[in-house]
There are 2 protein chains.
Amino acid sequence: MSIKSKTLLSHLVFFLVCFQDSVHGRLLSSTAQKPNPDDAAATARWLVSRNFWGVLNTISSDLDATPFGNVVSFSDGLPDKGTGIPYFYLTTLDPTARYALKDPRSSFTVSEYPLGTCGKTDPENPTCAKITLSGKLKLVYAKSEEAEFARSALFAKHAEMKDWPLDHNFQVFKLEIESIFLIDWFGGPKPLTVEQYLHPKL
Amino acid sequence: MSIKSKTLLSHLVFFLVCFQDSVHGRLLSSTAQKPNPDDAAATARWLVSRNFWGVLNTISSDLDATPFGNVVSFSDGLPDKGTGIPYFYLTTLDPTARYALKDPRSSFTVSEYPLGTCGKTDPENPTCAKITLSGKLKLVYAKSEEAEFARSALFAKHAEMKDWPLDHNFQVFKLEIESIFLIDWFGGPKPLTVEQYLHPKL
């Protein structure tokens with residue numbers, strides 16, 4: 001390969017890594033083992049990467065603005081390569097997508113309990129970790145690179161999605177995270193900024 | 001036993017059954033087996049009775065009124081004797097109780113997936129049932145019969161709650177249900193009124 005080609009290639013790789021890093025959050029290989037609860041960013045990313053379903057909350061437009069939770073599948077990236085950003089595959093036949101298109105304020109909640117690592121500890125015990133990501137639930141433009149990435153991420157963890165009916169018009173949504181509520185030990189929520197969450201110190 | 005005593009006893013039993021039935025909803029022995037999805041009331045009650053944790057959604061007062069979901073434990077009655085009304089054990093050290101005391105609009109979401117009966121079906125597939133109960137999250141007066149019942153119901157399913165710290169001031173909350181969103185098959189949410197849910201035809 002010529003010097004010119006190597007330079008071009010290295011620039012391309014650099015661009016892709018930076019694009020990935022800045023748009024999606026640092027890729028993390030998630031470990032099977034739960035991180036130390038003192039490491040809030042690692043614990044938060046582990047929870048989001050290891051789970052594959054949770055409850056997505058939006059503001060109802062037909063129930064007096066009551067907050068409406070809904071069970072949804074999600075993915076934050078390929079298995080063991082989480083980005084920290086949850087992507088969803090939603091149809092407007094279901095209320096959550098309809099509500100979000102009118103008012104994007106939303107949160108997404110997952111628990112450590114389904115991972116099996118809480119053992120006999122109660123799901124509400126603070127040492128059984130839980131996280132709620134709050135922000136805006138946004139439609140991702142279907143022909144964007146991000147949507148393409150999201151679909152790969154979703155289909156890798158939810159194979160049947162590939163065969164869901166075309167006339168249901170499933171579309172990719174993402175949560176743009178603005179604040180994080182993480183409980184993984186006694187003493188209240190762990191301080192954790194979105195920046196720390198997206199770009200944990202390795 | 002004299003006729004007078006028998007009459008008194010039967011009145012007392014009748015009163016207790018009616019009180020239970022009207023305040024809490026008909027007691028149902030929940031079966032291990034999932035009911036036929038055509039039977040919306042039975043399926044809804046089975047989901048609520050067999051689960052012991054879910055996500056409780058309230059309106060945040062410090063996050064721009066973003067709907068805030070939180071993992072909580074719950075109980076709707078003694079094991080296999082569900083009432084249909086979810087009771088919670090919450091502390092105002094946690095945001096959910098604080099939010100609800102300012103604005104009681106709330107919903108509670110559980111999934112069939114943690115019960116293990118969805119098998120390999122995706123959690124977002126409509127045949128893996130899910131339910132969201134919407135209404136008002138209310139504090140139950142600590143010295144009422146209802147709170148006493150709720151504590152028995154909660155402690156029966158969440159034994160460690162008995163030993164949670166007194167200075168956290170855990171209190172009983174309940175969701176007063178106003179509408180029900182149940183998905184257990186293709187074709188959209190099952191029509192199901194609160195009355196049908198609380199008093200299913202046996």
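Proteins get letters first, then strands, A, B, ... in listed order; numbering begins at 1 in each.
For A:F170, the part sitting under 4.5 Å from any heavy atom of chain B is the side chain, from C-beta outward, and nothing else. Of the two parts of A:P104, neither the backbone nor the side chain holds a non-hydrogen atom closer than 4.5 Å to a non-hydrogen atom of chain B. Contact annotation for A:L93: neither backbone nor side-chain heavy atoms come within less than 4.5 Å of a heavy atom of chain B. Within the 4.5 angstrom heavy-atom criterion, only side-chain atoms of A:Y113, from C-beta onward, approach chain B. Heavy-atom distances place both the backbone and the side chain of A:T121 under 4.5 Å from chain B. Using a 4.5 Å cut-off between heavy atoms, A:D103 does not touch chain B at all. Within the 4.5 angstrom heavy-atom criterion, no atom of B:A159 approaches chain A. Only the side chain of A:F52 has a heavy atom closer than 4.5 Å to any heavy atom of chain B.
Under the 3.5 Å distance criterion, the side-chain polar atoms of B:S106 are left unmatched by any main-chain donor or acceptor of B:T58. Distance alone, capped at 3.5 Å, places no donor-acceptor pair between the B:K102 side chain and the B:Y99 backbone. Listed for the B:Y197 side chain is a donor-acceptor partner under 3.5 Å among the backbone atoms of B:G84. Under the 3.5 Å distance criterion, the side-chain polar atoms of B:R105 are left unmatched by any main-chain donor or acceptor of B:K136. Not a single donor-acceptor pair under 3.5 Å links the side chain of A:R151 to the backbone N or O of A:E146. Between the side chain of B:K190 and the backbone N or O of B:A40, no donor-acceptor pair lies under 3.5 Å. Under the 3.5 Å distance criterion, the side-chain polar atoms of A:T91 are matched with a main-chain donor or acceptor of A:H168.
Contact tally against chain A (heavy-atom pairs below 4.5 Å) for B:I59, B:D64, B:D94: the top residue is B:D64. Most heavy-atom pairs under 4.5 Å with chain A: of the set B:V72, B:I131, B:L56, this distinction falls to B:V72. Annotation: maximal heavy-atom pairing with chain B below 4.5 Å, among A:I183, A:N125, A:L63, occurs at A:N125. Contact count against chain B (heavy-atom pairs under 4.5 Å) is highest for A:D122 among A:T66, A:D122, A:V55. With chain B as the partner, the residue from A:A65, A:G188, A:G69 showing the most heavy-atom pairs under 4.5 Å is A:G69.
Contact annotation: the side chain of A:E124 approaches that of B:L90 to within less than 4.5 Å [non-hydrogen atoms, C-beta and beyond].
Using a 30° and 60° split on the angle between ring planes, A:W164 and A:Y89 fall in the parallel class, below 30°.
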